[in-house]
Number of protein chains: 2
Amino acid sequence: MHAGLFYFRCAFTAAGKRLVKHSIKMENGCEITLSLYCECRFFQLETRSISMRAKPTSFDIAHMAGVSQSTVSRALRNSPLVNKETRDKIQAIAQELNYKVDKNASNLRQQQSRTIALLLFEDPTTDDSKINPFFLSMLGSITRACAAEGYDLLVSFQQLSDNWHADYEDTNKADGLILLGYGDYVDYQDKLHQLQDQNTHFVLWGAVDPNRPGISISCDNFRGGYKVTQHLIRQGRKCFGFIGTADHHYPEFFERFKGHSVALEQAGYQHQPLKLDAISSEEAGKAALNQLLEQQPHIDAVVCASDTIALGVMEALKERGYAVPEDVAVVGYDNILLSNYVSPKLTTVQQDTTAAGEMLVKTVVKMIREEPVEDVILPAEVIVRESCGNTG
Amino acid sequence: MHAGLFYFRCAFTAAGKRLVKHSIKMENGCEITLSLYCECRFFQLETRSISMRAKPTSFDIAHMAGVSQSTVSRALRNSPLVNKETRDKIQAIAQELNYKVDKNASNLRQQQSRTIALLLFEDPTTDDSKINPFFLSMLGSITRACAAEGYDLLVSFQQLSDNWHADYEDTNKADGLILLGYGDYVDYQDKLHQLQDQNTHFVLWGAVDPNRPGISISCDNFRGGYKVTQHLIRQGRKCFGFIGTADHHYPEFFERFKGHSVALEQAGYQHQPLKLDAISSEEAGKAALNQLLEQQPHIDAVVCASDTIALGVMEALKERGYAVPEDVAVVGYDNILLSNYVSPKLTTVQQDTTAAGEMLVKTVVKMIREEPVEDVILPAEVIVRESCGNTG
DNA sequence: CTGAAAGCGCTTACAG
DNA sequence: CTGAAAGCGCTTACAG
């Protein structure tokens, strides 16, 4: 005869019962088939510990606690509706079984995902294997801020050409989007408008442009460019060049350039500021510097729209035999980790990535909650190091 | 009289119909309430473009296409069962409405999530705001590899003390886990065992240790340590020190150290290799170097278990007036971006992060599909730069 | 305070 | 090739 427990894998029927079939071969050759409804599928083999156990569900907990499944659900969500004793008992059982609420079911029911998607995109020309180090440092603070708000973070690298504008929130994979990228603003303007039309919750990192759709968080690019240029002027630099594509395609760079120009103007510079285009890459920086020197060989200060550009500029200057900062001062923007290690150490403008990450997350969470939000401009701080010639 | 379309917000009843109620106040004061069942809730206001539209569902598409919802589902999944014409029509409608399959529903039904969770963890002593740059570079390749396999990536920074061991897969948020971290292996060994007991699909980055539970992907830490030491010996270095906590708590560092020791032994070194503990931080590297110099002031080569440590070591050497590489050669491990920018440029061991990211993702995907998997050891390559004194 | 029931939006076995 | 139906595992309005 058979004795002991049998292990059944079975399916719930509609009412939360499960139909179970199990056949037993008897020693005399007979075969008995059991068909039964049972209320709990969470059996455990006691004799062997083959752990083929399916994951426990709230129905299993309910059965063990002798309450209804609704009560289990309430108890696990700490609803004040349920009796403290019952609640404690249910939670204890859940813990013991290592029960975890199924997020798909819970999200489906609640029509939310408690997830924020971070979409990183860059100019397609950028080397595919490298990510702008500035974004990477934002990533850390965004992840932490998400965790603090109780959201998960879905990360995705996008090409500007991708269909990112219509995927994450529509799929219910995320409740909101954070868009982080350097890139041609004009290229994706349409997509941003589409996001807005769809009432997607999204927040942008970048220039606060009144015509730009949606909400953006940024550092004060204008004042950053202004202050760093002012510093160079005080150091006695006379002949300036700005490197970085600064027009409405790249509004962040444009703001930095505007700050730069105003600083020069206020210092009494007569002529139009010199400006060379470059996207945020070392190669582009090198190429632009070489052009700059052709136009103006007596340059003694180069303001770069990003640290990555500045790295290329310093390299190119060295190759051409210029000493930094003796002959030419160079300043960057972003304060990436590298900028403090290159030689000479790079003077740059710090964007507070911790504050930025927090603001991005907080803002998108507010949007999800349908609370009012507004653009934020965080302060920018000049970090004086060696490449500008004076640490005073 | 009223004319035109009304906008109804309504709920499906069980059969996929929706019960709608709408009251209209007539001019004579009467009020008419309409109660009706309708089959499609995806109405659009034609006169105004207030886009309060709810997201379309497969039922809406079905209604518009004049087919059943099952057929819509099949068509959108490109099932060969459905007639090509019907399929094209359905897909066209879906596209026009910008319909997207709800992932929560689809995942719930299919009991999978098509998501991989990446859990990054570090020693709690590490500065909270900085992430090891090596991980950051892995992150990029993992993200891309996930996308290539059709998986989403959930990112989470963990403390070793957190309850990460039992959260992601149990919650159905992810089908599999990638664990990435430097940290005390002994501390989380228990958790790894628990993961394994739960049949969680997880893959580790790190040392391939036969006693370690689960599958791991790693670079050949032994050969890396061996080869870089051999290079220094060929350069004529005589008096070696190794910096990094190399014991069973940190199996990766331990392997590197073993390679280092064997290289010395083969070169005929008699005495026990000198070894100082340090976790992977600049501060720890500095502190360890200072200790090392007290024990052995005539050191002329320092092998570091990570680039981050090497950075601290170089800094400390400079502070103490030693020239790198003239007085002391320094080598690191990881080839982080910075290592190519510091002065002198750091000789290091490259771990192929692109290949590593791909292997991690491919392996965890195989586990999810219940296919056989095995440990992988990727080759390690010495990158000779300036800090070891010779580029030959 | 608790339970029975409906429903979130899909996928897929089953029956034509 | 197509449709009706069940069911994934929850949450929550409704009724006691």
Side-chain angles (χ1 to χ4, degrees), chain A residues 10-19 39-42 54-63 65-87 89-90 94 99-114 170-173, chain B residues 10-19 39-42 54-63 65-87 89-90 94 99-114 170-173:
Chain A
C10 48
F12 258 124
T13 59
K17 315 269 186 237
R18 289 149 197 275
L19 175 59
E39 282 187 311
C40 175
R41 71 163 172 181
F42 193 69
K55 273 181 196 159
T57 71
S58 54
F59 280 91
D60 299 316
I61 313 273
H63 181 256
V67 296
S68 76
Q69 181 268 344
S70 340
T71 300
V72 171
S73 178
R74 289 194 194 96
L76 294 174
R77 316 189 92 233
N78 284 314
S79 160
L81 281 175
V82 23
N83 184 302
K84 186 173 177 342
E85 251 171 65
T86 323
R87 190 167 62 206
K89 182 178 174 191
I90 291 172
Y99 168 80
K100 289 284 183 313
V101 173
D102 183 303
K103 279 294 169 191
N104 288 134
S106 156
N107 290 339
L108 173 60
R109 183 50 231 258
Q110 294 180 90
Q111 291 297 88
Q112 51 149 35
S113 66
R114 287 244 138 216
D170 278 352
T171 312
N172 275 358
K173 285 198 280 196
Chain B
C10 48
F12 260 120
T13 60
K17 317 266 187 237
R18 289 150 196 276
L19 175 59
E39 282 187 309
C40 175
R41 71 163 170 179
F42 192 67
K55 273 182 197 162
T57 72
S58 53
F59 280 92
D60 298 317
I61 313 273
H63 181 254
V67 296
S68 76
Q69 181 267 343
S70 342
T71 301
V72 171
S73 178
R74 290 192 194 98
L76 295 175
R77 317 190 92 230
N78 284 313
S79 160
L81 283 174
V82 23
N83 183 303
K84 187 176 178 335
E85 252 171 61
T86 323
R87 189 168 60 206
K89 184 179 170 190
I90 290 171
Y99 168 79
K100 291 283 183 313
V101 173
D102 183 301
K103 279 293 170 195
N104 287 135
S106 155
N107 290 340
L108 173 60
R109 184 50 231 258
Q110 294 180 91
Q111 291 296 88
Q112 51 149 32
S113 66
R114 288 244 136 217
D170 278 351
T171 308
N172 275 359
K173 285 198 280 197

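Below, chain A is the first sequence line, B the second, and so on; all start at residue 1. Excluded from the calculations below are hydrogen atoms, water molecules and symmetry mates; all remaining heavy atoms, backbone and side chain alike, are included.
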### Message
Nearest whole Å is fine: how far is dC8(C) C1' from Gln110(A) CD?
### Response
10 Å
## Note on the structure
Rounded to whole Å, the CZ-C1' distance (Arg77(B) to dA13(C)) equals 14 Å
### Glu85(B) CD - dT2(D) C1' separation (whole Å)
15 Å
### Task
Ignoring backbone atoms, test whether Tyr99(A) places a side-chain nitrogen or oxygen under 4.0 Å from the OP1 or OP2 oxygen of dG9(D).
no
#### Entry: Rounded distance in Å - CG (Asn107(B)) to P (dG7(D))
21 Å
#### Entry: Rounded P spacing from dT2(D) to dA6(D) in Å
23 Å
### Nearest-Å distance for atom pair CG/P, residues Leu76(A) and dT2(C)
14 Å
### Task
Give, for atom NZ of Lys103(B) and atom CD of Gln110(B), the distance between the pair rounded to the nearest 0.5 Å.
8.0 Å
#### Entry: Nearest-0.5 Å distance that lies between atom OG in Ser73(B) and atom CD1 in Ile61(B)
11.5 Å
### Query
Ignoring hydrogens and geometry, is there a side-chain-to-backbone donor-acceptor pair from Ser58(B) to Gln69(B) under 3.5 Å?
no
### Task
Report the distance from atom CG of Asn78(B) to atom P of dT12(C), rounded to the nearest whole Å.
13 Å
### Message
With a 4.0 Å cutoff (strictly under), does any side-chain N or O of Gln111(A) reach OP1 or OP2 of dG9(C)?
### Response
yes
### Query
Between Leu76(B) and Tyr99(B), is any pair of side-chain heavy atoms under 4.5 Å apart?
yes
### Task
Measure the OG-NZ distance between Ser106(B) and Lys173(A) for me, rounded to the nearest 0.5 Å.
10.0 Å
### Query
Between dT12(D), dG9(C), dT2(C), which nucleotide gets closest to the side-chain atoms of Asp102(B)?
dG9(C)
### Task
Round to the nearest Å and state the distance from Ile61(B) atom CD1 to dG9(C) atom P.
13 Å
### Task
Identify, between Ala105(B) and Ser70(B), the residue whose nearest nucleotide on DNA chain D lies closer to the 5' end.
Ser70(B)
### Summary
Rounded to the nearest 0.5 Å, the CD atom of Gln112(B) sits from the CG atom of Asn104(A) at a distance of 9.0 Å
### Task
Please give the nucleotide sitting opposite dA4(C) as a Watson-Crick or G-U wobble pair, both distances under 3.5 Å, or none.
none
### Query
When you check the phosphate oxygens OP1 and OP2 of dG3(C), does a side-chain N or O of Thr71(A) lie under 4.0 Å from one of them?
yes
### Query
What nucleic acid atoms does Ser58(A) come within less than 4.0 Å of, heavy atoms only: base, sugar-phosphate, or nothing?
sugar-phosphate
### Query
Pick the nucleotide of DNA chain C nearest each of Arg74(B) and Ser106(B); which residue has the one closer to the 5' end?
Ser106(B)
### Query
Does dA13(D) have a Watson-Crick or wobble partner in any strand here, with both distances under 3.5 angstrom, and which is it?
none
### Rounded C1' spacing from dT12(C) to dG16(C) in Å
16 Å
### Query
According to a strict under-4.0 Å criterion, is Arg87(B) in side-chain N/O contact with OP1 or OP2 of dC1(D)?
no
### Message
As a test of reading the structure: which of dG3(D), dC8(C), dC1(C) is closest to the side chain of Leu108(A), going by heavy atoms?
### Response
dC8(C)
### Interatomic distance, Phe59(A) CZ vs dC10(D) P [rounded to whole Å]
9 Å
### Query
With respect to the phosphate group of dG9(C), does any side-chain polar atom (N or O) of Thr57(B) fall under 4.0 Å of OP1 or OP2?
no
### Query
dC8(C), dA5(D), dC10(D): which one has an atom nearest the side-chain heavy atoms of Val101(A)?
dC10(D)
